S.K.: 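Once you've had a glance at the structure underneath, I'll fire off some questions.
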Amino acid sequence: MKYSYKSYESLLVVDKRLTKDLFVEMAGVQKGKYAADMFSRMYDWIFSEAVYVEDDYKQFYEVEYPNLENFIYKKYCVRKGSLKKMLQLKAENENYIIIAFDELSTGYGGFIDFAFSDELYDRFINFLLMKENEDKV
Amino acid sequence: MVLTATTVTLYIGNIILSHYIKEEIWVKRIWKNLFPPKSFKVELMNSIDETIREFETSHPYEKDGIKFPFYYSKILDDILVKHILFNNYQYNSEYISNELQNNPNIIIPTNKEIENFFQLFVSKIEANKELKKLFIAENYQSRIFVLAEKIDSIIEILKKAELTPEIVVNKTREQVEFQIRKQITSGKYIPDTFVEIDELKDHLRYFIAPYLFIDRIIGEIKKFNFDYLRKKLILKNKNINFDFNIDLISNSSFNVSNDELNKNVSLLNDYLHGKYDELESNRINASSSFTRKIQNKIDDLHFIQSKIIIIKGNAGQGKTNFLCDLAENVLLKRNIPSLFLTGYELDANDLYTSISKRLFPGSDYTFSDIFSRIDSYCEINKTFFILMIDGLNENTNPPKLSQNIELFINEILQHKHVKVVLTCRTEYFKNNFQNILDSDFKESLIQIDSINSHLDDNHKRCLYESYCSYYNLKINHISDDIYKELVTNFLLLRIFSEANKGQNIATLTHIYKEEVFQKYYSLKSFEINNRLKDTLTTPIIGEFDIKNLFSAIIEYMIEHKAFENIPIDSLLKTDNRNRDIYIRFLDENILLRKDIEEQNGIFGNKEFVNFTFDEFRDFLITDYLLNNLYENSKDKFYLFIEENINNKSRIKEGCMSFIFSMERLKGNFELSSFIRKQDWYGEVFPYYIFDIKDEYVTTDDKLELKSKFLNDRDISEHITFSLAYQRWNAEDFPNLNIQLLFEIFETLTDDEFKNNVYKIYPEKRYSHYDRFEKDQLEKLIERLEDILGNEDFSISPSRHNIFQYILYFLPIKHEINYLYFSYWKKYNNQLHFEQILNCQSEKLKESVNNFIARYEIQL
């Protein structure tokens, strides 16, 4: 699930076990080929500078807010309905976490139209949740 | 007994006295009258007298010419006094006997008699408590005073030793909590409504708690990914290896001490600046993403290192709300010591004392006593102390404060653990406190020019939800128009939510502003009157009602035909005794604001009053016009309306709207006739009629609406949308509702439908940005599909009306066929067909007949 709280800044629910190697492997591309490099960069685009929201909350903000839900609601101004869905999804699997990522900061802005296009949106979201690849962990 | 200077003086005085007093006088003991009553001397003589009288009774003497007994002699008296004054001066019977023999007129006693006399005397002295008291008073008073002074100074030293850092910090906490409560009561702080926009609150966090948040900033910098940049540089044949590694710096300890923090942050800052410059000197297309993120972190570090922040902004922008939120959630919850004062509370002549007295009223603790404790607390706990002064402009002596605050901040910043946050209205800062920007501490100063100025839709929604939540207001459904109106005008949102506190509103499709304003005005006047009476330190003189101030403003406006910049001095003339209270109110309320106007020449700047919300001003003007001016002088009222409520007037929009709705409430035929004859009335009628409560709409109003429908397309559109979108529900609007629209539609020809109705839904245009964007009619169809699938029409029968409405648009939108057929299958409602087939429009009837035929509907 992706929620844009600001232009080009989003919250994503992802599986925390998803490493770069797994990401490339799950994409089904051959190592050393251009496609592998592209997926490697795509992984970096999302994860290299991402803020791990719950860790950030626990380390720096927990004292200010009654719980994680309130923190995300206040800090990222997330619509209540969307926040509920996001937390429900997170609760489905103990490995699911929420990350905040700036879609432009690594310079790989070109991935936005590709990864989150209407056609690929659901597949890519499931990919980040490792929905069909749990066995690969 | 201790020999004291007083005792000696007394004795010497006694000797000197004896030279001037003859023995006869002594014998007659009339000397007592020469001394002041209640002195030790007199009391001693009383004891001697008593002894003599008692001794005389048991030892009567026989008169022998001029001779008298020993106890009447001055010599014995002298010995007795010496005995008392000189620490039980030892007497000797023989010595006394010899001494007595110096006077031939004394009847010499036996040694036994002398001993008896002395025993009796000693017992009398010991029994005389008054004598002892007077002795202490006369001999030890000055000593006691000196001792008391010494004891006081010892107590003072002990007290100061008792003033531990923890006591000071607890006091500052209590003060901050008290200030927050005070701001909640005054309505300037609404807890939980501050919305985090951009980096502002995080920046203040970094400033307040740098030891904690430096780790967050470093963590983010360490993650910086420049792979894409490096790749691009290679592609561009730029022979640069952009290296970025802060490990050397970040491995140092940032949170050991303030000096370490500053040193390492400076190193990091220099490194980032270097990298920023490197990128700028080798610009490629993608550079901006990378310079932006480096610049963001440079900004973050600036907040870590800075010592003073000045937040400026216009009235009502939320500076106090922000500071309170910061104090409550960032400072108190992290136990960061702080002090939260308002500009009004500061004594501009002595900032130090006014601060120490705020914390420890009635004590002699000095500013330096307090701050030395704060220093040691901060040193031990690795924290900063945050001094917040909200609203410098609220101070009663801005020129003096301006001079002294610079010196004060300069000195307080010498304490390395102290940071300062100031807020001030922009125009007042420019006029009075600009000197701060050129001070010695300007390098450690950050200015924030405005807060809450750029709210996006997310922030607006958050703010809307926060207000509803704080005022426990539940709105189950709100129309888009009203939501938009509330979130673009937060003062209206504030007034609306406060006036409707605790209510449960099923559907909000309209705000009757005159009703909301009236409710809010009464509520706030009552609250303010009570609060000012209860909490002000300045006593209120005579009858006090804050409504008098509002009345004075409105009267001034009407009399001078001036609707802004009302001079404060003219207003306070009527109740100058309570001037300070009114000025205080102007500083802390949200409806009125003080403004300053720079004037040249010797008179300096002048202060004015303005309404923060023009619409509220127009409501009060209208209320005054109808309920005061009209009642007192119809001629003046007529003249004012004709001269001031017209197209040239700056109050026309608000006042026309309120006059339109409020004159109906009065039920005065003469007044209504006059208002309805005004040129503007006919123009605004098709618009404002929807702003009044349904119960006040008359049959004539409905006829008027019908007659104006075709006047122009804007009016057709407004009437159609108002009736269809806001008044489709006949249960909520039994009087003026969508049925009137159907009556109008029934009379329209094909051309009239085409020009005045169908054109209100323009066809979709190609959008480069959103290929999937729907036109307004398509959106309505989508919404109706949703309603049809999810709602039970038996609960809300008026839902059928919207489906009748959409049927009129069958000739211009093919998709309505599918929607309406789904509706028909579910409800089999023949009434819509019957009514539409009675219309004049042939095309409409044709479309509906085709629909009936296509779907084989049996009527």
Side-chain angles (χ1 to χ4, degrees), chain A residues 3-11 20 34 37-38 40-53 55-66 70-83 99-112 117-119, chain B residues 192-199 201-202 205-206 209 212-217 219-232 284-290 292-294 296 325-326 328-336 455-466 469 771-772:
Chain A
Y3 183 91
S4 291
Y5 59 89
K6 219 194 251 185
S7 315
Y8 299 107
E9 286 182 43
S10 300
L11 293 173
K20 193 192 275 192
Y34 173 80
D37 179 55
M38 190 189 82
S40 165
R41 280 185 282 125
M42 194 187 286
Y43 180 89
D44 286 343
W45 168 58
I46 294 173
F47 292 97
S48 64
E49 294 186 9
V51 173
Y52 289 75
V53 175
D55 293 346
D56 196 36
Y57 163 68
K58 289 233 180 250
Q59 196 179 349
F60 301 105
Y61 299 97
E62 195 171 16
V63 69
E64 284 186 46
Y65 301 90
N70 189 267
F71 167 69
I72 298 174
Y73 175 69
K74 292 270 179 185
K75 184 124 177 58
Y76 298 98
C77 287
V78 179
R79 197 175 280 278
K80 278 183 177 163
S82 305
L83 179 58
I99 60 168
F101 90 113
D102 181 334
E103 297 164 20
L104 298 176
S105 73
T106 52
Y108 298 124
F111 287 129
I112 302 168
S117 63
D118 286 350
E119 293 79 11
Chain B
D192 255 353
T193 54
F194 181 78
V195 175
E196 294 204 27
I197 298 159
D198 299 326
E199 302 299 316
K201 194 167 171 183
D202 263 344
R205 287 184 179 106
Y206 300 164
L212 172 70
F213 283 100
I214 186 66
D215 287 344
R216 186 171 194 262
I217 298 169
E220 286 177 346
I221 298 173
K222 276 184 166 179
K223 284 186 196 166
F224 277 178
N225 179 343
F226 293 101
D227 291 350
Y228 180 76
L229 174 79
R230 291 181 190 114
K231 213 166 244 181
K232 280 276 172 187
I284 54 165
N285 280 344
S287 287
S288 59
S289 297
F290 303 104
R292 179 175 63 96
K293 66 184 175 189
I294 292 177
N296 285 345
D325 177 85
L326 214 58
E328 186 174 30
N329 295 311
V330 181
L331 291 164
L332 290 181
K333 287 182 180 172
R334 286 194 174 80
N335 287 322
I336 296 169
L455 296 179
D456 66 19
D457 289 346
N458 258 347
H459 299 134
K460 285 177 180 172
R461 179 187 39 75
C462 255
L463 209 52
Y464 168 78
E465 288 171 356
S466 307
S469 162
R771 286 164 291 157
F772 307 104

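Just so it is clear: chains get the letters A, B, ... in the order the sequence lines come, proteins before strands, and each one is counted from 1. Computed from a predicted model, the values in this text were never measured in an experiment.
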S.K.: To the closest 0.5 Å, what do you measure between OG1 (A:T106) and NZ (B:K293)?
M.R.: 6.5 Å
S.K.: Out of curiosity, A:D37 CG to B:K231 NZ, how far, rounded to the nearest 0.5 Å?
M.R.: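 Those atoms lie 4.0 Å apart.
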S.K.: Checking heavy atoms, do the side chain of A:V78, its backbone, both or neither come under 4.5 Å from chain B?
M.R.: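 Only the backbone of A:V78 comes within 4.5 Å of chain B.
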S.K.: Do B:V330 and A:E64 have side chains that get closer than 4.5 Å, going by heavy atoms?
M.R.: yes
S.K.: Is B:Y228 close to A:D44 at the side-chain level, that is, under 4.5 Å between some pair of heavy atoms?
M.R.: no
S.K.: CG of B:D457 to CZ of A:R79: how many Å apart, nearest 0.5 Å?
M.R.: 8.5 Å
S.K.: How long is the straight-line distance from SG of B:C462 back to OH of A:Y76, given to the nearest 0.5 Å?
M.R.: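 That separation rounds to 13.5 Å.
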S.K.: Can B:D456 and A:Y5 be counted as having a side-chain donor-acceptor contact under 3.5 angstrom?
M.R.: no
S.K.: Thinking salt bridges, do A:K74 and B:D325 make one under a 4.0 Å N-O criterion?
M.R.: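 Answer for the salt bridge query: no.
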S.K.: Please look at A:S4 and chain B and tell me whether the side chain, the backbone, both or neither of the residue comes under 4.5 angstrom of a heavy atom of that chain.
M.R.: backbone
S.K.: If I take atom CZ from residue A:F60 and atom CG from residue B:D215, how far apart are they, to the nearest 0.5 angstrom?
M.R.: 5.5 Å
S.K.: Take B:E196 and A:K75, measure what salt bridge (charged side-chain N to carboxylate O under 4.0 Å, His left out) needs, and give me the verdict at the end.
M.R.: CA-CA 6 Å; B:E196 294 204 27; A:K75 184 124 177 58; 3.7 Å; yes
S.K.: I'd like to know whether NZ of B:K232 has more than 12 heavy-atom contacts from other residues, nucleotides or ligands below 6.0 angstrom.
M.R.: no
S.K.: Atom CH2 in A:W45, atom CG in B:N225: separation rounded to 0.5 Å?
M.R.: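 Atom-to-atom, A:W45:CH2 and B:N225:CG are 13.0 Å apart.
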